[in-house]
Asker: 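The structure is given below, and queries will be raised subsequently.
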Amino acid sequence: MTDALLDDAAQKEAAARKASAKGSVLYLDGVSVSFDGFRALNELSLVLAPGEMRAIIGPNGAGKTTMMDVITGKTRPDEGEVLFDGTHDLTMLDEAEIANLGIGRKFQKPTVFEFHTVADNIRLALKGPRTTRSALFGARNRIPDDAIDEVLSRVRLIEHRARPAGDLSHGQKQWLEIGMLLAQDPKLLLVDEPVAGMTDAETEDTAELLREIATRHSVVVVEHDMSFVRALGVKVTCLHEGSVLAEGRIDVVSADERVIEVYLGR
Amino acid sequence: MLSVEDIDLHYGAAQALRGVSLIAEPGQVTCVLGRNGVGKTSLLRAIVGQHPISRGRIKWNGEEIQRLSAQQRAKAGIALVPQGREIFPLLTVKENLETGFAVLPRREREIPGEVFDLFPVLDGMLRRRGGDLSGGQQQQLAIARAMVMRPKLLVLDEPTEGIQPSIIKDIGRAIAYLRSKGDMAIVLVEQYFEFARDLADRFAVLDRGQVVLSGTRAGMVEEDVRRKLAI
Amino acid sequence: MRVFAVLALFAALALPAAAASLQETLARFAANDFSETAKAIDEIAESGAPQAASLIDALLNRRLAVTPDGGVFFTDAQGRAFDALTGSPVAAVPKGAQLVRTNNKLRGQIENSLGTLRLQAPDPAKRREAAEIVLRARDVSALPAVRTALSREQDPVIAKVLRETEAALVLSRPDATTEQKTLAISILRARSDQDAIAALRAATAGAPFAIAQEARRAIVAIEKRLEVQAAMQNVWYGLSLGSVLLLAAIGLAITFGVMGVINMAHGEMVMLGAYTTFVVQEVFRAYAPGAFDFSLLVALPLAFLVAGLVGIAIERGIIRFLYGRPLETLLATWGVSLILQQAVRTAFGPTNREVGNPSFMSGAFDLWGLQITYGRLWIVVFTLVVFAGLLLLLKATSFGLRMRAVTQNRRMAASMGIPTARVDALTFGLGSGIAGIAGVALSQIDNVSPNLGQSYIIDSFMVVVFGGVGSLWGTFVSAFALGIANKLMEPVAGAVLAKIVILVLLILFIQKRPRGLFALKGRAVES
Amino acid sequence: ARAEDTIKVGILHSLSGTMAISETTLKDVMLMLIEEQNKKGGLLGKKIEAVVVDPASNWPLFAEKARELIAQNKVAAVFGCWTSVSRKSVLPVFKELNSILFYPVQYEGEESERNVFYTGAAPNQQAIPAVDYLMSEEGGGVKRWVLAGTDYVYPRTTNKILEAYLLAKGVAKEDIMINYTPFGHSDWQTIVADIVKFGSAGKKTAVVSTINGDANVPFYKELANKGVKATDIPVVAFSVGEEELAGVDTKNLLGHLAAWNYFQSVDTPENKEFIAKWHEFTKNPKRVTNDPMEAHVIGFNMWVKAVEKAGTTDPDKVIDAIIGVEVPNLTGGTSKMLPNHHITKPVMIGEIREDGQFDVVWQTKDLVPGDAWSDFLDGSKDLEADWVEKKCGNFNTKTGKCGG
Amino acid sequence: MITRMIVSALGDRGSLVFLGLLGVAALFVALSNLLLPPGSALHVPIHIVALLGKYVCYATLAVALDLVWGYCGILSLGHGAFFALGGYAMGMYLMRQVGTRGVYADPVLPDFMVFLNWKELPWFWHGFDSFPFSMLMVALVPGLLAFVFGWFAFRSRVTGVYLSIITQAMTYALMLAFFRNDMGFGGNNGLTDFKDIVGFNVQAQPTRIALFLISVAVLALTYAVARVLVTSTFGKVLVAIRDAESRARFLGYRVESYKLVVFVVSACMAGVAGALYVPQVGIINPGEFAPANSIEAVIWVAVGGRGTLTGAALGAVVVNAMKTTFTSGLLAPYWLFMLGGLFVLVTLALPKGIVGTLQGWFAKRGEAKRVETSEPSPPPEAPAAGKAESAS
Ligand SMILES: Nc1ncnc2c1ncn2[C@@H]1O[C@H](COP(=O)(O)OP(=O)(O)OP(=O)(O)O)[C@@H](O)[C@H]1O
Ligand SMILES: Nc1ncnc2c1ncn2[C@@H]1O[C@H](COP(=O)(O)OP(=O)(O)OP(=O)(O)O)[C@@H](O)[C@H]1O
Ligand SMILES: NC(N)=O
Ligand SMILES: [Mg+2]
Ligand SMILES: [Mg+2]
C-alpha cells in the first residue's frame, strides 16, 4: 500500500521532471562531480528555458566553471542527468558532438588559437559543417571575408585581423573569444566571466551585446561583476559549494542573507 | 621609491609603450588605468624586468634597475601579481607560497599569518595543486604568494579579475592596510574604476602606449578619466 | 698459507712412491702434449714428493714452465721461483722457458682430484666448494675421502653438504644396499636442486625397479619445487632488469620528465659515467692494484661530477636558448650525442674497454634456492638508494621546490626571485650526473663502448613515458613493471618475442592510459 | 692523369655506429698493409693509395659507398664488410660494376660470387671442426648442446647446419637446445640460468655461441658471475676473438673456448713479425690482433700476387689470375685461393687465458678448404661453386645446370 | 573548384620556386647523364643519379612527416616504419621477379627461403608477382597500419610524447619482428640482389634515370598534395589542433578524424617513397625500421624548417648530402663531429630551420616595407613559441 503510494509519488515526480526536461533547452538534475574526494558539484539541478538568459553567480570555487565543464563534455559527472533540448543526453557525448549540437562556450581563461591570425580564429569558429571533407574541398573553403569582418567589427578587432592571436593583450583575447562565440552562432551560449579585465565602458557594451544575443539564443553567463549582472536584467542563480543557494531576480538574490554572507560581503 | 622615466617598449618591431613615465612612493598606491591592449601589462613587465625596455630609465630607491634581471629585481624587493595568475600548476598551494622564500633570508622563511586572515580559503587547500584551484582561488593565491615575499614594491595586474565581490572588498582592505604600513609602494593596474578610485593616491591613464592623463588623487576627475577609458 | 695446507694434505694422503721417477715424470711436460701432461699429473700425485701439491697448483694456474733443455720450474702465488725436480728455490725461472699448457679436460681432472683433497681444507668456504665439486663429479672412488671428511666436520652446514655428497656417491655405487640407496634418495630429495636431480637421474639407470621408482618420484617432487623456484627466480630477474632500466631512466626523468628537454644525449651521459669508471680503474690498476675493490667508490662521485659538468656545459651552451621550444632540444641534443659518441671513440678507441668487477660484486649466493649474483643485488640496492635520494631532494628540499617552479613557469619563477639560470644549469647537471652514476653501475654488466648510450636511450624514454612524464614514482613503477613483465615473458616466448610482446602491450596500455601509468590528472595538467 | 700514377684500393669498413667496434681495426690493418706494400715499392711500379670511406653501420650506405668507391674513385679492389647483410647489400654493386671485394669475416656460407673472395671461414672451417673437437674425448666428450645465437642469418644458418650435423652424429633431439636473442641483448640472466639448468641433466654439456657483437660482453659477465666454469659447461664461440675479450675481465672465464683460423698467441715467426709491425704501426704495444685481420692479410697478399701475375689490376684478369694463388698465412701454413673463391685455412680451438689471449688446445692437421655450399643442408647439398671450369658459383651437380 | 584550390595552393612564390627548381634540376640531371660525354664537366655520372634518387625519396618521406608534425603537431617517431613497409612491398615484388635466376634456381621461392628450408611461399607473399597489386600494397599496407594505429591512438587521445613514444615502440617492434627469420622476410639480410622491375633491368642506366625521374615526380606530387591539404581550411584546422587541441574540439571539430586523415595520407606518402627507394639502393632490411632512422627523418625536417614542406625536402637533401660527403675521404673518421655540430648550429643560429628562418626573414623585410608606408597595425613579432609546442 504505502509502497504503491511511494511508487506513485516517485513516478509522478519523475514524470514532472521529464516534463520540465522536455520543454527546456538545458536540464541538469542531481549532477555531482568530485575530484579526489572533493565535491565540486553536489546534486546540482538547473533548468534553462528556451530563449532564456541566465546569470550565474557564486563564490570562487562554487563550481560554476565545473558546471560548464560538465555541460560541454570536458568533465564527466559522477552522477546526475544532463539533457540538452530535452532529448540529448550530454553525458554520453564527447566535446565535438556537444559543440555540434549547438552549444558554444567562452572559457574563463581566454583560449584562442595563438598561431592563427585573428581572422582565421573567427573563420574556424564560423557556423557550418566541420567534417574533414568540408574542410578539404567543401563549404569551409568558401567562407567570404565579409562574414569574418562583420564579427570582427562587432568585437572591435577589425584592425587586428591579420595579427597572430598570440600577440593580443589579455583583454583583446577575451574579445576575440567572444567573437568566436558569436561566429559559432550556437543555440546555447555558455559564457564564463566575459567582462573580467574590461573597462566599465566595455562592460556595458558587452552587456548590450549579450542582451541582443539573448533575443535569439539561450545564454548562461557566469560573472562576478554585479553591476554587469544587474545590467543584464535576467534571472540569477547563485551557486555555493556545488549546489544552488538562491535563485530569482537580482534584487531578491542579492538581498538574500546567505548570498551576502558567502558571496557579496558586507 | 619607484620612478619610471620616459620609457619605450617594443615587441619585435611593434611598439607597445611610448615615453611612459610613472611614480610610486612608499605608503602610496599608484593606479594605472586604460582600455584593453593599451600597454598596462607591458608597463608592469618593464618594471619587474620581464621585458626589456628600449629607451628611458627605471629607478628604484635611486638606483637604475632597468638592466637588472627579473630575479635581481625580485631580490631588490619588487613583487608581482601577474595578469592571468601564473600559478605554478603542479606545485601545491603551500609550495606555491613557498616559492616566495627565495628572496628571504633563511630565518624569515615563513608564511605570514595575515595571508590566511585575508584569504581563509587558502588555508584549507594547502595540499591541493595550484592548477586545480578555481580561477578566483588562483587569483587569491597569486596575491598571497606576492605577499610572502614581503616586498617593498608590490605590482598588481588586475588583481580583482575573477574574484567574488566580498573578497574584492577584502583585497581592497588589504591593499589599504599594506599602504597604511607606510613602507610599501604599490602599483595597481585596474579596470574596475570604483575600486581603483577608492585606493589611488596617484593615477595614470594609458592610451595606445602613452600616458594621456596622470596626477594625484586630488586631481583625479572621474569624468575625465572615464572619457579616456571610453571605447 | 694455502699452498702449505694442500701440501701437508698431499703428503698425508699420498700413496708411497712407486713407479716412475720424478725426473721421468717431469720430462713428460716437455712433450707439450695434453695426454702426456695428464699422465704426469697422475704420476706426480702418486709420487708423494713434497713439492707435488705446489707443482700441481702451479700447473693449474699457468705457473709451470719447461726450458728447452728439459728443466722444469715453477713459481708460487707470490712469484718466487722453484726448481720442480728438487723443490728448492731458484733465483728466477730461466729465460726461454715455455709455460706448460693445460686444457679444460686436464683442469677438470686436477680440480676433481684436488676437490677430494680439499675436503679437509681449513677454510670452510673451500671445504664447502670442494664438497660441491665432488658431488657434481660423482666419482665413486672419492667416497672414502668424503666419509673421512664427514667424520671430522664440525660445521653443520658443510656436514649437510657432505652427507648429500655421500648420498650422491652412494647412489652411483652398484654395490650399495637398497636401504642405503633409499636413504640417499631421501637426503637428495631434501636437497632439492638441479645437482640432486642429476644424481638421482644417474641412479635410475640400471637400478632395481623400486629404487628407480623412488628416485623418479624424488625427481618429480624436486622438479615441482624447482618450478616454483623458477617463477620466483624470474621475478628476481625482473626486479634486477627493472632496476637497470630505472637506473638508466632516472636521470632522464629529470632532464626530460621534469625539465621537458627531449634529451637524446642522455645515453651519452651514461656512457661518460662508464668511461669514467674505466679511467678510474686504469689508475687503480696502475697505482693501487691492491685497492681495486674501492675503485667503484671513487668512480661514483667522479662519474657524477664528469657527467654533471658536461651536462651543465650543454645546458649553458645550448639548452638554455631553447626553453619553451622542446622540439628543438631534440635536434640539438641529437647533435650533441653524435659529437660525444665520436669524441669518446676518438679518445678511447672504438672497441670495448675492460671494466672489472670488484670482489664484492663478483659471484653469487643462494637464497632459499634462488641464485642471486652479488653484482645484480648491489645494483638493485644502489638503484633504490639513488631513487630515494632523488625523491628526497625533489620533494623535501628548497632546491627541489625551486627546480619544479622554474620548469613549470620560468618567467614567473624569476619574478619570485628564484635564480632560474642557476637552477636550470644545476637541474640539468643533476640529471646528467645521475645518468653518469648509472653508467658506473651499468659498466659492471654491460659493454663499455661508444655505443653504450645508444642501447639505453630508447628503453629509458619508454620507461619515463610509460610511467607518466613528470612523475618520479611513475618512472619507478614503470621500470619494474617492464622489467618483470619482460622476464616473466622471456621463458615462455623467448627473448626476441618477449620484447616484441612487451612493446605491443605498451602501445595497447597507452590507449587505456594516454598519459602513462601515473598520469597527472585534473586541471593542473592542462594549464 | 693522376689516376694512373697510383693504384687505388677501397676500404669499406664502418668507422661509426654499432659495427665500428669490430671494423675499425680492419681499416687500420689495411692501411698498414698498404703502407708496407708501398715501402716494398708498391705494385706494378705504382704506389697503392687507400681510399677510406665510412659506411657507418648502415646497410644501404654500404651499397652507396661501394658504388662511390668503384664508380667515382675507380678503385682496383675493395676490402670490406663485416656483417653478412652488408655483404649482401654491396653484392649487386660489385656485380654490376664488375669489381672485386675481399670479405674477411667468418660467415654462413651459401654463397659464391664471381666478384667476391671469401677470406674468412665458411661453416666447415669453423663450426663443424669446433663441434667435432668438443665431441672428442679430448674436448670433454660433450653429449648435450646449447646452440645460442643472435637472431640473424649467420647464426641461424650455422645452427641449422650444426643441428643437422649433430643429429647425423646421433645426438638426440632433446639434447639440443636452440636459443636466439636480439642484437645488443644485454640481460642474460634468464638464458644463462636456462643453460645451467639444461647442463645439469647429467650429460656433459657445451654451449656453441654464435652470439655476435655487443651482446657478448654482458653474456660473459653473466657467465662469470653465475660461476659457469669451462670445466663444467664450456662455451665455444665463433664471434669472440682477442678484440672482443679486451672488453671483459677474463679471470673468471678461463678455459672457455673460441674456434678460429688464427689466434694472436700462435707462435710462429710470421705472426711475431706481424704483431710487431702492428704494434709499431698503431703505436700501441697493447693492441691485439685477431682472425679477420689475418684474413685481410691473406686476402691482400693474394690480390697483390694476382695483380703481379696478371700484370694489370683489371678485375677480369685478376679474378682469373687469383685462383690457385698461394700465400703464407700467419700460423705457419700456406693458404690457397680455391676455384670457389674461398681459401684453405687451418682450424684452431683456443681456450681463454687470464691475459685475454687464447691457448690453442687443438688444431687441424692440414688446412681445410672452404666449402661455399653446406653438405648438411637439403637445398645446397648438390650445389658446387667453380669459377674456373664451370664458371659458375652455384652449379647443380644433379641437374648439371648453373643457377641464376 | 578543385583546380582553383590547386592553383591557390601552388600559386605562391615558394611553391613555384620549389617545383620549378625541382623540375629543372631533374631534367638537367637526366639530360646531362644521357647526352653529355662522361668526361665533360657538367656530366652527372649514373651513380650520382642513383644517389640523388635516394635523396629525393628521403625528401618525400620528410615532406610526409612535415605534414603530420609541422601542421598537426603529431611528432611521429615511427615514420620510418611506413617507409620501410612500402619498401618491403616493393622488395617483395622485386624478389618475385627474380624467378629462377636465384642461386638455388627455385622458380617460386626466394633464395633465403630455400636455404632456410621453406617448402612453400607464405600466404602474404602471394600476389606480389603482380606489379599493380604490389603497387597497391605499397600504399595500402602503410596506410592500413597507420589507420589501425591512428584509429586507436587518436580516439584514445594519446598525444604529445606519449604518441611519439608509441610510434617509436611500433617501429621498434616491427624491426624486431622483421629481424626474425621466422617472419618470412629474409631476417636481418632483408631482400636484395634484385634483377628487374617491370621487365627492365634495375641496374641499367635508363632504368635508373627513369626511377630517378619518377621519384622526382612523386616528390612533386607529394608536395602538391600536402600543399593543397595545408592551404585549405583543413590545414587551418590542423594547425588549430596543433596549437590547442581541446579548443578545436569545443568548436565542434572531430579532432581524431582530422588527425587520422592526415596521418594515413602521410603514411601512404612515406610508403610510396620507400618503394621508390628500394630499387635505387638495392636492399631493404629491418634496419630501415630502426628507431634512429625515424628520428633522423625528424631531424631533417627540423633542419629544413618545420611546417614549411619545402624546408623538409631541403633538410632531407642537405643532411644526406653532408652525410655522403663527410663519410668519405680524410674527414671520414670525424664526420659525426661535423654532422652533430651542424645540428647544434642550426638549432642555435636558425631556430626555425633553414627555410623557416629564410621565410621569417623575407616576411620581416616585407613587413618593414609596409610599416614605412602605413603606420598603424603594429607588425606581429613571431608568435610566441612555447605554447603550441608543449603539446609535443
Ligand atoms: N581537478 C581538480 N582537483 C581538485 N579540485 C578541483 C579540480 N578541479 C576543480 N577543483 C575544485 O573544484 C571547485 C570548483 O571549481 P570551479 O572552477 O568550478 O569554481 P568556479 O565556481 O568556477 O570558481 P571561480 O569563480 O573562482 O572561477 C574549486 O574548489 C576547485 O578548487
Ligand atoms: N607578447 C607580445 N607580443 C607582441 N605583441 C604583444 C605582446 N603582448 C602584448 N602585445 C601587444 O602590445 C599591446 C599592449 O599590450 P598589453 O598586454 O600591455 O595591454 P594591456 O593594457 O595590459 O591590455 P589588457 O587590459 O587587455 O590586459 C597590445 O596591442 C598587444 O596586442
Ligand atoms: N658473417 C657474419 N659474422 O655476420
Ligand atoms: Mg570559474
Ligand atoms: Mg594587461
Side-chain angles (χ1 to χ4, degrees), chain A residues 68-69 72-74 94-107 110-121 123-143 158-168 177 180-181 183-184 186 190, chain E residues 1-6 8-9 70-71 73 155 157 225 228-262 264-265 307 367 370 374 376-389 391:
Chain A
M68 293 201 169
D69 288 347
T72 52
K74 187 176 182 189
D94 74 8
E95 299 95 314
E97 287 163 334
I98 293 173
N100 284 323
L101 285 178
I103 300 181
R105 174 173 184 185
K106 180 211 158 289
F107 289 81
T111 38
V112 295
F113 300 116
E114 310 228 331
F115 274 69
H116 274 310
T117 61
V118 170
D120 278 343
N121 268 276
R123 182 192 305 279
L124 290 171
L126 272 172
K127 198 183 174 94
R130 276 145 159 72
T131 59
T132 47
R133 179 128 48 94
S134 74
L136 258 178
F137 311 111
R140 281 265 137 212
N141 289 299
R142 292 189 292 268
I143 290 172
I158 188 84
E159 59 184 306
H160 299 289
R161 75 187 309 282
R163 293 179 66 190
D167 286 1
L168 296 182
E177 244 209 315
M180 289 166 76
L181 194 58
Q184 220 178 325
L190 306 173
Chain E
M1 177 63 213
I2 292 188
T3 37
R4 209 175 63 222
M5 278 179 65
I6 293 173
S8 82
Y71 293 88
R155 280 174 51 102
R157 303 201 180 168
V225 171
V228 169
L229 287 181
V230 303
T231 46
S232 69
T233 312
F234 184 86
K236 290 196 174 23
V237 177
L238 292 186
V239 173
I241 290 171
R242 182 190 74 186
D243 292 351
E245 177 168 333
S246 75
R247 189 70 180 88
R249 279 210 177 87
F250 286 114
L251 275 184
Y253 290 99
R254 308 199 128 283
V255 167
E256 55 276 12
S257 315
Y258 280 82
K259 285 186 173 176
L260 195 57
V261 168
V262 73
V264 170
V265 167
E367 289 285 356
R370 252 200 297 151
S374 66
S377 118
E381 202 220 4
K387 267 273 166 49
E389 289 183 335

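Each chain gets a letter, A, B and so on, in the order its sequence line appears, and its residues count up from 1. Heavy-atom basis, side chains included; hydrogens, waters and symmetry copies ignored.
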Asker: Check each atom of E:Glu256 against the heavy atoms of chain A and say whether the ones under 4.5 Å are side chain, backbone, both or neither.
Answerer: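 E:Glu256 touches chain A through side-chain heavy atoms alone.
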
Asker: Looking at side-chain heavy atoms only, is the closest gap between E:Val237 and A:Arg130 below 4.5 Å?
Answerer: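 They are not in contact (no side-chain heavy atoms under 4.5 Å apart), so the answer is no.
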
Asker: Within the distance-only criterion (no hydrogens, no angle test), does the side chain of E:Tyr253 pair as donor or acceptor with the backbone N or O of A:Leu124 below 3.5 angstrom?
Answerer: yes

Asker: Could you measure the distance from the CZ atom of E:Phe234 to the OG1 atom of A:Thr131? Nearest 0.5 Å is fine.
Answerer: 10.5 Å

Asker: Enter the distance from A:Asp94:CG to E:Arg155:CZ here, rounded to the nearest 0.5 Å.
Answerer: 9.0 Å

Asker: May I ask you to say whether E:Arg157 pairs ionically with A:Glu95, meaning some side-chain N is under 4.0 Å from a carboxylate O?
Answerer: yes

Asker: Decide side chain to side chain contact (heavy atoms under 4.5 Å, CB included) for A:Arg123 and E:Lys236; before the verdict, give the C-alpha distance in whole Å, the side-chain angles of both, and the deciding distance to 0.1 Å.
Answerer: CA-CA 9 Å; A:Arg123 182 192 305 279; E:Lys236 290 196 174 23; 3.8 Å; yes

Asker: Out of A:Thr72, A:Ile98, A:Leu190, which residue meets the side chain to side chain contact (heavy atoms under 4.5 Å, CB included) rule with E:Phe250?
Answerer: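 Answer to the side chain to side chain contact (heavy atoms under 4.5 Å, CB included) test with E:Phe250 among A:Thr72, A:Ile98, A:Leu190: A:Thr72.
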
Asker: Ignoring hydrogens and angles, tell me if any N or O in the side chain of E:Asp243 forms a donor-acceptor pair with the backbone of A:Phe113 under 3.5 Å.
Answerer: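 No, E:Asp243 side chain to A:Phe113 backbone: no donor-acceptor pair under 3.5 Å.
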
Asker: Between chain A and each of E:Gly235, E:Ala244, E:Ala240, E:Ser257, count heavy-atom pairs under 4.5 Å; write down the option with the most.
Answerer: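 Highest number of pairs under 4.5 Å: E:Ala240.
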
Asker: In Å and rounded to the nearest 0.5 Å, what is the CG to CG distance from A:Asn100 to E:Leu251?
Answerer: 10.0 Å

Asker: Please classify the contact between E:Val261 and chain A as side chain, backbone, both or neither, with a heavy-atom cut-off of under 4.5 Å.
Answerer: side chain

Asker: Going from CG on A:Leu136 to OG1 on E:Thr233, what distance comes out if it is rounded to the nearest 0.5 angstrom?
Answerer: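 Here the interatomic distance stands at 9.0 Å.
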
Asker: What distance separates A:Glu114 CD from E:Arg247 CZ, expressed to the nearest 0.5 Å?
Answerer: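 CZ of E:Arg247 is found 12.0 Å from CD of A:Glu114.
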
Asker: Rounded at 0.5 Å granularity, tell me how far CZ in E:Arg249 sits from NZ in A:Lys74.
Answerer: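 Going from CZ on E:Arg249 over to NZ on A:Lys74, the span is 12.0 Å.
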
